[in-house]
*Asks:* 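My structure is below; once you've seen it, I'll send some questions.
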2 protein chains.
Amino acid sequence: MTDIRRLAEHLNISIGTVSRALNNRPGVHPETRSRVLQAATELGYVANASGRSLRRGATNTIGFVIETGSPANQAGDNFFYIVTDAMHESLAERGYDLVILPCHSADDPVEYLARLVARGIVDALVITATRVQDQRIALLAKSAMPFLTLGRSETPGEYPWIDLDFHDVARRSVAELVALGHRRIAVALPEKDVNLGQHYRSGYLAGLQAAGLPVDPDLILRVATSEEGGYDFGRQLAALPHRPTAALLCSEATTVGLYGALRNNGIAPGTDVSIITFRENPQLRFLDPAPACFRTSLPELGQEMARAVLDLLGNNGDQARRNHKLWPMTFVPGASVAPPGS
Amino acid sequence: MTDIRRLAEHLNISIGTVSRALNNRPGVHPETRSRVLQAATELGYVANASGRSLRRGATNTIGFVIETGSPANQAGDNFFYIVTDAMHESLAERGYDLVILPCHSADDPVEYLARLVARGIVDALVITATRVQDQRIALLAKSAMPFLTLGRSETPGEYPWIDLDFHDVARRSVAELVALGHRRIAVALPEKDVNLGQHYRSGYLAGLQAAGLPVDPDLILRVATSEEGGYDFGRQLAALPHRPTAALLCSEATTVGLYGALRNNGIAPGTDVSIITFRENPQLRFLDPAPACFRTSLPELGQEMARAVLDLLGNNGDQARRNHKLWPMTFVPGASVAPPGS
DNA sequence: CAGATTTTTGGAAACGTTTACAACGTGGCG
DNA sequence: CGCCACGTTGTAAACGTTTCCAAAAATCTG
């Protein structure tokens, strides 16, 4: 609406001075500055983003990429909303804005990212749902765009990431169950090549090994990350000749389906099959029996991510590019866990 | 990375011609055009967004505003992801991009919007979670920014909206129950002043009136739009001296909590209290008994929204500003509905 | 009070595009 | 052969900022 020229004319002052006043640059008379600031709010002046970023070569905006088409990203409750809300707030304190950049299902995630980088609408990117081999990481590493990944990848190269500690969660889940006497523990892994599956699997194997238990391939199943997938998982467990006494899940939506499938097959969750799922979630609270799970503060995760991104844009960005953070989670006991055969 | 100047130098050609070739402008030799196009993909040239939109006065980007802090926006399943995914795809066919603009919980939605409008990072806005009186609508109507609301408002003035037909859903829900013999039907309304609550309420009242049933204020409760809120609702119903035989809900998360509360009070959902909820949702599929609800295609809704926004930006934008669309939903029977006292 | 120094301001260039306009070359036509 | 029209290209201005540099004004110093 009002541009800086009009604002300057209205004040009978040069636009250079107005700009300096608005941007807290030194060397402008205090009285002039306050006059400018007042006029700006009066006329509702806000700097045009295109003009500003064209000149500055920076947008002061962080992009958070999600794949709206992928059900794997539809984390049941509003994982991304909560994380981005806190991240956004932390960024705002430092003068940065956050936008969510959705990659729609008909678009190629790598091309989408390439376009995003070239268009220059953000100063840094966060990408999520990292794959075991993730071309997006290779692309971003080659470009000059600072980026952070939520989740790791086996893609070679040095890049900053924050990842929920899936390995540790799975390992400890096994340990909890083993301590109660369970020896046959099934696990549901995502069928897609999202990296978290790798770590959850390795944690599961580490847990078995620590307990001296054998690995039964029949108990390691790959299912869709959805309610449907959980139902499939339950059906397959029910059909096993030698049924497991416990099951691990790394997705909350899957848990809902598993409960349904077990019940439909006359198997009582919790008593017949102990269950430990991944992340505590308001939706799970009303499952009966309440599933044991792991807790973490998503707002704190968002704050940490904001910090990591700001570090990338700071003076010692090179240092920050080596930042890795394994995000810990704490065990939440639940009635879904009992000794086998109880 | 590569700007248009470098691209032009690489081709030994003027940047004007390059721009015309890339933008499909007439008056450029076919051979030149193809040479330019090839070089552009080779060098990975993508027009810088700031430069382009500064010159064009348009960004070719639509902003979809959500309030990440508000639990009312955390619609249980991924309502917004599915809608925006389809909307994004439709927009892309017409050369438009879509970004999700989150307003974080510590920020004021009205100020956020004002800033957004002035910064000029989008050509049009979609706002969601409309309130009964919504200052955002007043603000946008005053500005030159084209906008569409998902949900109506009582705010005066002419503006385009698309709204799920909450009134009709509530009215038909009552009718379904009445046909089975129910006469005491409770309803859970959102405690916040989101507009959908008004319409759901009026539909409920219309349904009662059509059946010649009295309105009992004890049966109209306001609760939080969350699992917790649903639990509260159930607890309050259980405590009523003259318990209703049926309940209506306009939120899926609430439904999960209601089931839990009823069970904890020795009341069987479906047989003791019939239940009809709002929107079909993968999470609800595993509730037992399966709740009756209403179905609609969210991708189609997204496509319709894309159409409405593009209309606003088209030649007859004035016409399009009068566009209203009440989005219909179809009833999905479920085991949660039975004759009273069965 | 003149000169030196500092503070404050104005002017103009630059960021990367797009586009109106002018210029150029080519071919057709009289 | 000269002129005009047309197709193609180059040039430069403009979009709204920020910032460098110079100019002006204010303050200090001897």
Side-chain angles (χ1 to χ4, degrees), chain A residues 1-37 39-40 43-61 95 97 115-123 144, chain B residues 1-37 39-40 43-61 95 97 115-123 144:
Chain A
M1 210 73 221
T2 17
D3 56 2
I4 202 174
R5 197 174 335 256
R6 244 196 287 276
L7 186 55
E9 280 169 11
H10 177 257
L11 286 162
N12 269 334
I13 228 180
S14 81
I15 77 176
T17 305
V18 173
S19 176
R20 276 187 296 265
L22 291 171
N23 291 297
N24 265 23
R25 289 283 172 285
V28 33
H29 192 92
E31 196 199 305
T32 315
R33 164 160 293 145
S34 67
R35 273 182 56 220
V36 172
L37 258 46
L43 302 187
Y45 170 80
V46 176
N48 174 283
S50 305
R52 162 171 286 177
S53 56
L54 179 58
R55 168 66 222 217
R56 279 195 182 160
T59 61
N60 273 42
T61 301
D97 199 8
R115 243 162 29 223
L116 224 47
V117 168
R119 290 200 300 157
I121 61 177
V122 292
D123 294 347
Chain B
M1 208 74 217
T2 17
D3 57 1
I4 202 175
R5 196 174 337 258
R6 245 194 287 275
L7 186 54
E9 280 169 11
H10 177 258
L11 286 162
N12 270 335
I13 229 179
S14 82
I15 78 176
T17 305
V18 172
S19 175
R20 276 186 296 264
L22 291 172
N23 291 297
N24 265 21
R25 289 282 175 283
V28 33
H29 193 91
E31 196 199 303
T32 315
R33 164 160 293 144
S34 66
R35 272 182 57 219
V36 171
L37 258 46
L43 302 186
Y45 170 80
V46 176
N48 174 282
S50 305
R52 163 172 286 178
S53 57
L54 179 58
R55 167 66 221 215
R56 280 196 182 160
T59 60
N60 273 39
T61 301
D97 199 10
R115 250 171 12 233
L116 224 46
V117 168
R119 291 200 300 156
I121 62 176
V122 292
D123 294 347

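Bear in mind that the values here come from a model prediction, so they are computed numbers and not experimental data. So that the names make sense, note that chain A is the first sequence line, chain B the second, and so on, each numbered from 1.
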*Asks:* Would you mind reading off the distance between B:Glu9 atom CD and D:dG10 atom P, rounded to a whole angstrom?
*Replies:* 13 Å

*Asks:* For A:Arg25, is there any backbone N or O sitting under 3.5 Å from a side-chain donor or acceptor partner on A:Arg33?
*Replies:* yes

*Asks:* Of B:Gly51 and B:Ser14, whose nearest nucleotide on DNA chain D comes first from the 5' end?
*Replies:* B:Ser14

*Asks:* Looking only at side-chain N and O atoms, does B:Ser19 come under 4.0 Å of OP1 or OP2 in C:dT17?
*Replies:* no

*Asks:* From C-beta outward on B:His29, which listed nucleotide comes closest to its side chain: D:dT9, D:dA13, C:dT9?
*Replies:*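 The answer is D:dT9.
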
*Asks:* Return the 5'-most residue of the pair A:Leu54, B:Arg20 with respect to DNA chain D, ranking by each residue's nearest nucleotide.
*Replies:* B:Arg20

*Asks:* Under 3.5 Å, is there a donor-acceptor pair between the side chain of A:Asn48 and the main chain of B:Gly120?
*Replies:*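 A pair under 3.5 Å: no.
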
*Asks:* Taking atom P of C:dA13 as reference, at what distance in whole Å does atom CD1 of A:Ile15 sit?
*Replies:* 13 Å

*Asks:* Side-chain N or O of B:Tyr45 less than 4.0 angstrom from OP1 or OP2 on C:dG16?
*Replies:* no

*Asks:* If I take atom CZ in residue A:Arg5 and atom P in nucleotide D:dC15, what distance separates them, rounded to the nearest angstrom?
*Replies:*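 These atoms are roughly 6 Å apart.
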
*Asks:* Going by heavy atoms in the side chains, are B:Val36 and B:Leu11 under 4.5 Å from each other?
*Replies:*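 When only atoms from C-beta onward are counted, B:Leu11 and B:Val36 do touch, with a gap below 4.5 Å.
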
*Asks:* Specify the separation, in whole Å, of atom CZ of A:Arg56 and atom P of D:dT18.
*Replies:*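 The answer, rounded to whole Å, is 6 Å.
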
*Asks:* Any N or O donor-acceptor pair under 3.5 Å from the base of C:dT17 to the side chain of B:Arg52?
*Replies:*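 Looking at the base of C:dT17, it does not pair with any donor or acceptor on the side chain of B:Arg52 (distance under 3.5 Å).
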
*Asks:* How long is the line joining CG of B:Asn24 and C1' of C:dT19, in whole Å?
*Replies:* 16 Å

*Asks:* Provide, to the nearest angstrom, the distance between the CG atom belonging to A:Leu22 and the P atom belonging to D:dG16.
*Replies:*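 Interatomic distance, CG of A:Leu22 to P of D:dG16: 16 Å.
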
*Asks:* Over all strands shown, is A:Thr32 touching base, sugar-phosphate only, or nothing at heavy-atom distances under 4.0 angstrom?
*Replies:*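 Sugar-phosphate only.
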
*Asks:* Under a 4.0 Å N-O cut-off, is there an ion pair linking B:Arg119 with A:Asp97?
*Replies:* yes

*Asks:* Whole-Å distance between C:dA14 P and B:Ile4 CD1?
*Replies:*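 Spelled out: CD1 on B:Ile4 to P on C:dA14 is 19 Å.
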
*Asks:* Considering only C:dT8, C:dT17, D:dT17, which nucleotide approaches the side chain of B:Ala47 most closely?
*Replies:* C:dT17

*Asks:* Taking only side-chain nitrogens and oxygens of B:Asn48, does any of them come within less than 4.0 Å of OP1 or OP2 of C:dC15?
*Replies:*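 No.
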
*Asks:* Starting from P on C:dT17, measure out to CZ on B:Arg25 and report it in whole angstrom.
*Replies:* 15 Å

*Asks:* Describe the nucleic acid contact of B:Gly57 in one word from base, sugar-phosphate, nothing, applying a heavy-atom distance below 4.0 Å.
*Replies:* nothing

*Asks:* To the nearest 0.5 Å, tell me how far A:His29 NE2 sits from A:Arg20 CZ.
*Replies:* 14.0 Å

